[in-house]
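Read the numbers this way: they start at 1 and go in the same order the structure lists the ligands and their atoms.
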Amino acid sequence: MHKKDKGISSEAILSLKDVSKEFTRGGRRTQALEKISLDIYKGDFLVVLGPSGCGKSTLLNLLAGFIKATEGSCLMHKEKITGPGPDRGVVFQSASLYPWFTVEKNRNFALRMKKEPPEDIKRKTSEMLKEIMLEDYKNHHSYELSGGMKQRVALGRALINDPEILLMDEPFGALDSFTRFSMQKLLLNLWAEKERTFFLITHDIEEALLLVSKIIVMTKSPGQICRVYETGFNKKMIKDPSYHFSLDQDFANIKAQIIDLIKIG
Ligand code: ADP
Ligand code: MG
């Protein structure tokens with residue numbers, strides 16, 4: 001629940017206002033994003049859904065501070081985003097782990113970079129290994145892990161510094177459907193157990209509907225927001241382990257609407 005819903009005044013963590021991004025390559029111009037406005041609040045689980053090329057990664061790269069907008073403002077706590085920072089964790093489609101490190105070392109690497117005291121690193125690492133359910137694998141090297149395990153390590157590594165927001169770009173895109181489903185459940189738990197703020201990009205409609213409370217649907221050429229949905233399927237899934245989305249008529253209706261939107265857009 002947003003603080004604003006609880007009647008407590010709240011400001012957006014991240015705020016985009018009329019953001020456009022144009023790329024020029026070899027004399028060719030691409031309008032990747034046009035006039036995107038978006039506010040992200042503490043505790044949100046927000047997904048951006050849209051076809052390939054509609055500007056999803058560009059949007060994440062702007063929030064992460066990897067690139068700058070051509071027009072409009074990108075603010076974090078009202079301050080202009082000028083580059084990447086530890087307040088924004090990022091997870092990409094393929095986990096970029098250090099192959100020569102074990103799970104445990106990959107995990108606490110971020111903390112060592114921050115020069116935290118050794119006992120804090122040990123405690124936080126062990127707590128995070130529990131959260132991502134990899135306690136038994138802490139001494140494995142990353143080349144010994146499956147794709148799903150590697151993504152869990154990447155998630156844990158991004159979360160261990162307790163970022164204000166976790167930005168994820170198709171984090172399960174390369175996983176098979178069974179692993180993907182268990183990762184989606186893990187992600188929901190990681191979000192629900194603490195008041196974390198997640199921003200996820202996907203082109204998978206079911207993934208979007210299952211995971212989040214707010215779905216931003218984008219269309220391409222130029223990349224624009226065409227519709228925002230507030231749904232509660234993620235809460236159903238957290239409350240009831242036997243909940244099955246494919247038997248839920250509301251789920252099917254919204255899915256059909258989104259397919260039409262993306263087709264038309
Ligand atoms: P998505 O993640 O939704 O697939 P992207 O944000 O990667 O889309 O890309 C949106 C559009 O911007 C595409 O047409 C893509 O080719 C173009 N684009 C993205 N990054 C660059 C870049 N660095 N230089 C030129 N064009 C780019
Ligand atoms: Mg992309």
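The part of Thr30 lying near ligand 1 is the side chain, judged by heavy-atom distances below 4.0 Å. When non-hydrogen atoms are compared, ligand 1 lies under 4.0 Å from the side chain of Arg25 (C-beta onward) but not from its backbone.
Heavy atoms of Gly223 come nearer than 4.0 angstrom to ligand 1 in no pair at all.
Among the atoms of Ser57, an N, O or S atom is found under 2.8 Å from the Mg ion (ligand 2).
Atoms of ligand 1 lying under 4.0 Å from at least one heavy atom of Gly53, given by number and element, are 1 (P), 3 (O), 4 (O), 8 (O), 10 (C), 11 (C), 13 (C). Atoms of ligand 1 found under 4.0 Å from any heavy atom of Pro51, numbered from 1 in the order shown, are 3 (O).
Summarising the geometry of Ile225 relative to Val228, their closest heavy-atom pair is CG2-CG2, 4.1 Å, with the distance given to 0.1 Å.
Within a 6.0 Å radius of CD in Glu144, other residues, nucleotides and ligands contribute more than 12 heavy atoms. Within 6.0 Å of CZ in Phe45 there are more than 12 heavy atoms belonging to other residues, nucleotides or ligands. More than 12 non-hydrogen atoms from other residues, nucleotides or ligands lie less than 6.0 angstrom from CD of Glu119.
Checked by atom type, the side-chain pair Asp240/Ser242 shows a donor-acceptor distance below 3.5 Å.
The protein heavy-atom contact nearest to atom 25 (C) of ligand 1 is Phe23 CB, 3.3 Å. Here the heavy atom of the protein found nearest to atom 7 (O) of ligand 1 is Ser57 CB, 3.8 Å. The protein heavy atom nearest to atom 12 (O) of ligand 1 is Ala32 CB, 3.5 Å. Of all protein heavy atoms, the one closest to atom 8 (O) of ligand 1 is Gly55 N, 3.2 Å. Of the protein's heavy atoms, Thr58 OG1, 2.5 Å lies nearest to atom 6 (O) of ligand 1.
A cation-pi arrangement is found for Lys21 relative to Phe23, the charged atom lying closer than 6.0 Å to the ring centre and inside a 45° cone about the ring normal. Arg180 forms no cation-pi arrangement with Phe178, by the criterion of a distance under 6.0 Å to the ring centre and an angle within 45° of the ring axis.
Protein heavy atoms are absent from the 4.0 Å sphere centred on atom 15 (C) of ligand 1.
Just one residue in the list Lys122, Lys124, Arg123 forms a salt bridge (Lys or Arg N to Asp or Glu O under 4.0 Å) with Asp120, and that residue is Arg123.
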